[in-house]
Amino acid sequence: MLPPGQQQPSYPAYSGSVTPAVPPAKFGNCGTITDTPGFDPVRDAKVLRKAMKGFGTDEDAIIECLTRRSNKQRQQILLSFKTAYGKDLIKNLKSELSGNFEKTILALIKLIYLVNLEWLSNLG
């Protein structure tokens, strides 16, 4: 029990009602990742191939390429990589990366419903 006048730390002090009420119409489109203009999946496949070819891995190039694309565009990169090099981009990334960085990059590339499914299966 908290002393009188002291508030639960996880509940901010709002005047009036317990939680702020914002009508849904004020939110509009909450999506922050949009298609990149001038996107070329073949060029991005080349960037990723170069980042993983030879000794070492250019992690910055991988981050720069994949984080600036929508999921739809990343799916096109997967297909272009397979078409251009005959290799599976996910398998290549798994062999080049490790730890939480690998998990994050692979989550970016997977279809969003598969990421959600994996997350939900780990809850139970």
Side-chain angles (χ1 to χ4, degrees):
M1 192 84 183
L2 294 171
Q6 202 169 26
Q7 200 164 4
Q8 186 80 333
S10 61
Y11 293 95
Y14 293 110
S15 62
S17 65
V18 178
T19 58
V22 178
K26 288 191 177 181
F27 284 107
N29 182 3
C30 292
T32 57
I33 301 176
T34 58
D35 288 348
T36 302
F39 167 69
D40 179 1
V42 175
R43 183 182 65 229
D44 285 355
K46 287 179 185 177
V47 167
L48 293 171
R49 172 84 166 146
K50 184 178 177 187
M52 295 183 284
K53 195 172 180 181
F55 184 72
T57 304
D58 186 351
E59 293 177 352
D60 290 335
I62 293 171
I63 292 168
E64 184 71 23
C65 181
L66 295 178
T67 60
R68 299 186 185 274
R69 305 292 180 260
S70 68
N71 190 272
K72 179 178 77 175
Q73 290 174 325
R74 289 189 291 263
Q75 299 311 307
Q76 292 172 354
I77 295 169
L78 275 174
L79 187 59
S80 292
F81 194 90
K82 181 74 170 177
T83 303
Y85 304 108
K87 297 184 178 191
D88 185 344
L89 178 58
I90 291 177
K91 286 181 182 178
N92 277 26
L93 288 167
K94 281 183 178 181
S95 72
E96 294 288 330
L97 309 176
S98 63
N100 288 333
F101 182 63
E102 174 190 352
K103 290 177 188 176
T104 303
I105 294 298
L106 294 179
L108 279 173
I109 290 181
K110 291 180 182 177
L111 292 170
I112 194 68
Y113 73 87
L114 292 177
V115 174
N116 290 340
L117 186 62
E118 286 176 10
W119 183 78
L120 288 171
S121 68
N122 288 331
L123 288 178

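Screening residues 41-51 for salt bridge (Lys or Arg N to Asp or Glu O under 4.0 Å) gives Asp44-Arg69 as the qualifying pairs, with residues at least two apart or on separate chains. Within the structure, no pair that satisfies the ring-ring contact (aromatic ring centres under 6.0 Å, His included) test touches residues 87-111, not counting sequence neighbours. Sequence neighbours left out, not one pair with a member in residues 90-103 passes salt bridge (Lys or Arg N to Asp or Glu O under 4.0 Å). The list of ring-ring contact (aromatic ring centres under 6.0 Å, His included) pairs with a residue in residues 48-78, not counting sequence neighbours, is empty.
The salt bridge (charged side-chain N to carboxylate O under 4.0 Å, His left out) test applied to Lys72 returns Asp35, not counting sequence neighbours. The salt bridge (charged side-chain N to carboxylate O under 4.0 Å, His left out) test applied to Glu59 returns no partner, not counting sequence neighbours. With sequence neighbours excluded, the residues forming a ring pair (Phe, Tyr, Trp, His ring centres under 6.0 Å) with Tyr85 are Phe81, listed by chain and number.
Leu106 and Val47 fall into different hydrophobic clusters, where Ile, Leu, Val, Met, Phe, Trp and Tyr side chains are chained together by heavy-atom contacts under 4.5 Å.
Closest approach of Leu97 and Thr57 over heavy atoms only: CD2-CG2, 4.1 Å.
The structure places CG of Asp58 at 11.0 Å from SG of Cys65, a figure rounded to the nearest 0.5 Å. Separation of atoms OG (Ser95) and CG (Asp88) is listed at 10.0 Å; rounding is to 0.5 Å. Between the OG1 atom of Thr104 and the CG atom of Leu66 there is a distance of 11.5 Å, given to the nearest 0.5 Å. Note that CG of Leu48 is 10.5 Å distant from OG of Ser80, once rounded to the nearest 0.5 Å.
Without hydrogens or angle criteria, Thr36 side chain to Arg68 main chain gives a donor-acceptor distance under 3.5 Å. At distances below 3.5 Å, not a single donor-acceptor pair connects side-chain atoms of Gln73 with backbone N or O atoms of Pro41.
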### side-chain contact (heavy atoms from CB on, under 4.5 Å) between Ile109 and Asn71, worked out
CA-CA 7 Å; Ile109 290 181; Asn71 190 272; over 6 Å; no
### Query
Which is it for Met52 and Leu93 under the side-chain contact (heavy atoms from CB on, under 4.5 Å) test, yes or no, and what are the steps along the way?
CA-CA 8 Å; Met52 295 183 284; Leu93 288 167; 3.6 Å; yes
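Using a 4.5 Å heavy-atom cutoff, the side chains of Val42 and Thr83 are not in contact. Within the 4.5 Å cutoff, side-chain heavy atoms of Arg74 are placed close to those of Leu108.
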